[in-house]
Amino acid sequence: MTATAEPEVGKSRRRKEDARLITGRTRWTDNITLPGLLHMAILRSPVAHARITSIDVEAARSMPGVLAVVTGADLADEQGSLPCAWAITPDMKNPPHPSIAVDTVNYAGEAVAIVVARSSAEAHDALEAIDVDYDELPVVLDMEAAVADGAVLVHESLGTNKSALWVFDSAEAGTGGNVDEAIAAGEIVLERKFRQQRLIPAFMEPRSVLCDPTGEQVTLWSATQVPHILRLMLALTLGVPEHKVRVIAPDVGGGFGGKLQVTPEEILVFLLARRLGKPVKYTETRSEAMATAHHGRDQIQRLTLSATRDGTITGLKVDLLADMGAYLSLVTPGIPILGAFMFNAIYKIPAYRFSCTNVFTNKVMTDAYRGAGRPEATFAIERMMDELAAELGVDPLAIREKNWITHEEFPFTTVCGLTYDSGNYEAATEKAKQLFDYDGLRREQAERRERGDVVQLGIGISTFTEMCGLAPSRVLGSLSYGAGGWEHAAIRMLPSGKVEVVTGSSPHGQGHETAWSQIVADQLGVPFEDVEVLHGDTQSSHKGMDTYGSRSLTVGAIAVVKAGDKVIAKARKIAAHMLECSEDDLDFAQGRFSVRGTDKGTGITDIALAVFAAHDLPDGVEPSLDSEATFDPENFSFPHGTHLCAAEVDTETGRVTIRKYVCVDDVGKVVNPLIVEGQVHGGLAQGIAQALFEEAVHDENGTLTTGTFADYLLPSAADLPSFVTDRTETPSTTNPLGVKGVGEAGTIASTPAVVNAVVDSVRHMGIDDIEMPCTPFRVWGAIHGRDVDTGGSQAGGGLGSIEGGLQ
Amino acid sequence: MRVTMVVDGVSYTDEVEPRTLLVQHLRETLGKVGTVVGCDTSNCGSCTVHVDGHSVKSCSMLAVQADGCEITTIEGLARDGQLHPVQQAFHDNHALQCGFCTPGMIMQAIDLLADDPDPDERTVRHGLEGNLCRCTGYQNIVRAVQDAAHRLKPAAQADREHEAVGGGE
Amino acid sequence: MIPSAFDYARPSTVEEAVRTLAEAGEDAKVLAGGQSLLPVLRMRLAAPTMIVDLGRVPELRGVREDGDNLVIGAMTTHYDVARDHLVQDHASLIARATETVADPQVRHRGTFGGSLAHADPAGDLPAVALALGAVMVVEGPSGRREIPAADFFVDYFTTSLAPDELLVAVVIPKHTGWLSHYEKFNRVAQAWSIVAVGVSLQVSGGTIAGARVGLTNMASVPVRAVAVEQALIGQSAGADVLRAAAEHAAEGTSPGTDGNGDAEYRSQLARVLTGRALAIAVGG
């Protein structure tokens, strides 16, 4: 056999996944067709809050090609309630969450009727023949209004718009001091309010789901991040036996948390396929995705930070309002709570209190979006660090250095009770400063200020950390999450020497097939090309917790390694038998067992063939090397990094241009540097987009006015700079690969770096905050001391320009 | 209405409803599912194909408008099992992650290289402004396009001419 | 999503197109490049019963000279207009603005006439056509007539074209050798203009002999910045003159308000962008 002399791990392998993706041989869910396939279309509420007084479907029923027209009343008894897996408090209010509205709609876009027809076109034609009467109710959209006395209620029966209040207090937990005392004694006390605007994950592949009820198992293909969770939730929600359901996530075109969901459409397609006995497919339009796929962020953050006059932080108090939207989806209530442990970030903060009020409004649900709780926390604390530096008149890097955990202090237990295993903030920061020319840009900034240039320069800093590798099951248990955080893997040694790796992780762009192959190639000493990674099908990959929270490498790949260890252990017994030696005399390296001190040996693939034949195995040894493992991490991992952004602000127009962006990330050991760099690039783009471009805006009636890509502005290649990325490498000590996770790092770190740069550019004009996204209009308004109203739609452009074609 | 078009070198004649979008015709009638739909406002560019040698968004064109045209999709680029140099460059430079935008991105990259065989970074970025990617931050895509430019400098113009042969107008 | 069903006609002459449109009545819609119409149809924001596709009418395509004028066929694509040597030589402002329309794919399909007939105040071409004194040649059942750009744009997405008339060509007086720039301000590259300014200057011996300035998205119709032009003509093309002239840019405009800017901000942008456009035109 061919041994791999040079280690695969650490190599910039080109991805296995690419071959099908660059040639169009991809299996997106919407590409799949089956004999007799029917198509579903959904009529959605145009109003955000109303009682449905009547639905007339008769005309639609007789339209050409229509097989079924169904309303919520028709499905009320079988649709169950969409799952929420995270009851953050025992008294959390969680209203029933129907897949299709029965008598009330609570957000614009909620399903009210569905048509199944021979073609998608005919289904959409029939939707237009359905007549729904709404008795409109007042809406509540603003979180502060929603928690005020006498507020309009989203769910009248709950008596409140508050879903839950979740509190962490370091004094009560015994992990730190009393924050109120710290603030009372603070020489410096800063209070700030930040707004995390609502974002739309905007994965490029619209969601699609196809259900085939004709087999013994009902098979559901879905563009999901979570096929395993989906299968269980279908069983629990609909009462169907779990073993009668197979879920397949074929090629999935991005997720970013947006496909970490059990969707109404998945339930409805399942129910209609079952009812009609025929395969049914639903693929959303982009407009439907914008309006109804869950959104992200949407918090109002109030922070109080106390410090001594020399800049040492003494306490931090955080009060959040978090917008749930109209219902609680899969992990909606837990998203802000994931941030609770990150506000202290890399700093030694002795006293800390976090409280979060989860609030219902008449908008689509929020849920996981890249970073999920941690970008919000990182933004707030990194903005506060800049504010503290400005208050004290010192360099914002110096104030960070004064408060961060030094590399000698690891492992370090934080004020939240988390133990950071490793890190080196000094090293990453020093490297970033050099790459950035920090001192040179500070000089230029001073010169521009001196000259009163039209274009001012700002420097933004973000020294972030995050918790990755969700998650130790005991921690999830302590947070009342409805499941564990383990991951499963299996390795099958095929008789011809090839290897199948089964993973419970469910990639949708990350490159697991390549990275897992590299890991297994090294571990078992087989060629990279001889490893096939199977995933995303509950029939082949029968057990898993799927992909989100930068967990795949730190949890999923570790399960693969554990399964590999078992394969080697099984093979060792057989090798000893074949080589007529003791197991203790065997060394295993590069795929070969060799008898120490001799030239005798055998390859692991030879053993696989011998096991297949099974003619001569030691007594009591089963004829298989195949092994599986389920890994539950003992701790999170804590990637960190230093991001530096230089932004130019045109003071006449308010336009922000990123002049230079440098980041040095420490994600521990790296399996594939090329993939890691790509993850950082993409993360940066999304974080920068939050800072500058993206915002889900609703009008006063609750209609999403940024409901297409013409209005919800994703940056194109022409709108982003090239980034300078580099790494330091401090291995994680919590897993055998020393890896930390990289999927969310760029997104988490970049948003505050950019906003800090924008604020820094105009701080000498007396400005200490600009709301996100920092649009030209907002920045110009700040410079000219004007409150800007970013609502309204009287001018040309965006969807208005498209609708103009009506005339 | 009866339409005939040559798609990836094969001539097809079909009866289509006038309202059928070109991309639907490609996907649903001809099975060319390599070309995908990512939005409904012609912003994302995922559906980009070449019609008579020029990139277009096949979601913003009716199948009947393509009657008599020669169309190239992502599925028609590789010749004799050899990837097109732009495909190869996307692979080599890790210019894709989830890959959903990739067919459109590659088709547009080929178009921009036909117009400018040696584009600077700014030209590449602006040449791709009609194609959205949510995964890569574009950096490796830009890198791939410039890499491809070096690989196929003399070939780019020939490609366009090849595609335009037998074009409708 | 797929559009609602419609009938489809593909005339091969202007005469046939006009007849087809007249016969189809008011629920018919003309399909030029389709880059604005197709998204509308797909989202079912409109459901015309008949689509008249001008894509196979050869006489509607191309750019030609006609004495002191250029004649741009209505169905000439943005791609072809921007690269056309006649346009570059004699109406460079049209070329500069056309290069910024949407994105390359849209420019391959979208047409000059389609953009003007669409009359989107945020569109890039109406303002520059207005600035250069374009005249629309339209044809209906009762024959041809000419409409000056100033009379063509009536309101948001509304022109003085009758429902049974087609825009067949656009006549643009030659501005040979004029210095032009189109300064577009939008939030991301493929977005519509928040405000944009097109300027074309005839500079002779350091003196500005002619000036044309058009504003995009500063009213419900494109606006010609007459006060700016007057402040320039006869003056030396120096920085102070350009800057002072630009201060007049918002005069006579009535910009709208949306999330990207209110009237005051748009007025500020008009002044700033006009100043920059003038400086770039003269300098470059």
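No hydrogens, no waters, no symmetry mates; every other heavy atom, side chains included, goes into these values.
- No part of B/I141 comes within reach of chain A, as not one of its non-hydrogen atoms sits under 4.5 angstrom from that chain.
- Contacts between A/V680 and chain B at a heavy-atom distance below 4.5 Å are absent for every atom of the residue.
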For chain A against chain B, give me the donor-acceptor pairs closer than 3.5 Å, one per line with atom names and distance.
from   : atom 1 : to     : atom 2 : distance (Å)
B/R19  : NH1    : A/D125 : OD1    : 3.0
B/R19  : NH1    : A/D125 : OD2    : 3.3
B/R19  : NH2    : A/D125 : OD2    : 2.7
B/R27  : NH1    : A/N31  : OD1    : 2.9
B/R27  : NH2    : A/D30  : O      : 3.3
B/R27  : NH2    : A/D30  : OD2    : 3.0
B/R27  : NH2    : A/N31  : OD1    : 2.7
B/V33  : O      : A/N31  : ND2    : 3.3
B/G38  : O      : A/R286 : NE     : 2.7
B/G38  : O      : A/R286 : NH2    : 3.0
B/D40  : OD1    : A/S287 : OG     : 3.2
B/D40  : OD2    : A/S287 : N      : 3.1
B/D40  : OD2    : A/S287 : OG     : 2.8
B/N43  : OD1    : A/A710 : N      : 3.4
B/Q87  : NE2    : A/I22  : O      : 2.7
B/H91  : ND1    : A/D18  : OD2    : 2.9
B/D92  : O      : A/R14  : NE     : 2.8
B/D92  : O      : A/R14  : NH2    : 2.9
B/L96  : O      : A/R15  : NH2    : 3.3
B/Q97  : O      : A/R15  : NH1    : 3.4
B/Q97  : O      : A/R15  : NH2    : 2.7
B/Q97  : OE1    : A/Q679 : NE2    : 3.4
B/Q97  : NE2    : A/G678 : O      : 2.9
B/E121 : OE2    : A/S722 : OG     : 2.9
B/R125 : NH1    : A/A717 : O      : 2.8
B/R125 : NH1    : A/L720 : O      : 3.0
B/R125 : NH2    : A/S722 : OG     : 3.1
B/R134 : O      : A/Q686 : NE2    : 3.0
B/R134 : NE     : A/P201 : O      : 2.9
B/R134 : NH1    : A/E694 : OE2    : 2.5
B/R134 : NH2    : A/I200 : O      : 3.2
B/R134 : NH2    : A/P201 : O      : 3.1
B/R134 : NH2    : A/Y369 : OH     : 3.2
B/R134 : NH2    : A/E694 : OE1    : 3.0
B/R134 : NH2    : A/E694 : OE2    : 3.3
B/Y138 : OH     : A/P715 : O      : 2.7
B/Q139 : OE1    : A/F723 : N      : 2.6
B/Q139 : NE2    : A/F723 : O      : 2.8

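- Between chain B and the residues A/G678, A/A685, A/G746, A/A689, the most heavy-atom pairs under 4.5 angstrom are made by A/G678.
- Residues B/C135 and A/F256 form a side-chain contact, since some pair of their non-hydrogen atoms from C-beta on lies under 4.5 Å apart.
- Here B/C44 contributes atom SG and A/M204 contributes atom CE; the two are 4.5 Å apart, rounded to the nearest 0.5 Å.
- If you measure heavy-atom distances from A/I688 to chain B, you find no contacts under 4.5 Å at all.
- A/L674 touches chain B through backbone and side chain together, each having a heavy atom under 4.5 Å away.
- In this structure, chain B has a heavy atom under 4.5 Å from the backbone of A/P721, while its side chain stays farther away.
- Chain A forms more heavy-atom pairs under 4.5 Å with one residue of B/C39, B/G76, B/G38, B/A95 than with any other, namely B/G38.
- Of the two parts of B/I106, only the side chain, counted from C-beta on, holds a non-hydrogen atom closer than 4.5 Å to a non-hydrogen atom of chain A.
- For B/V37, the part sitting under 4.5 Å from any heavy atom of chain A is the backbone (N, CA, C, O) and nothing else.
- Here B/C98 is the residue among B/C98, B/G45, B/G34, B/G137 with the most heavy-atom pairs under 4.5 Å with chain A.
- Once rounded to the nearest 0.5 Å, the distance linking CG of B/L96 with CD1 of A/I22 reads 7.0 Å.
- Put simply, of A/A717, A/G683, A/A289, A/A202, the one with the most heavy-atom pairs under 4.5 Å next to chain B is A/A717.
- In this structure B/T13 satisfies the side-chain hydrogen bond (donor to acceptor under 3.5 Å, both in side chains) test together with B/T4, sequence neighbours excluded.
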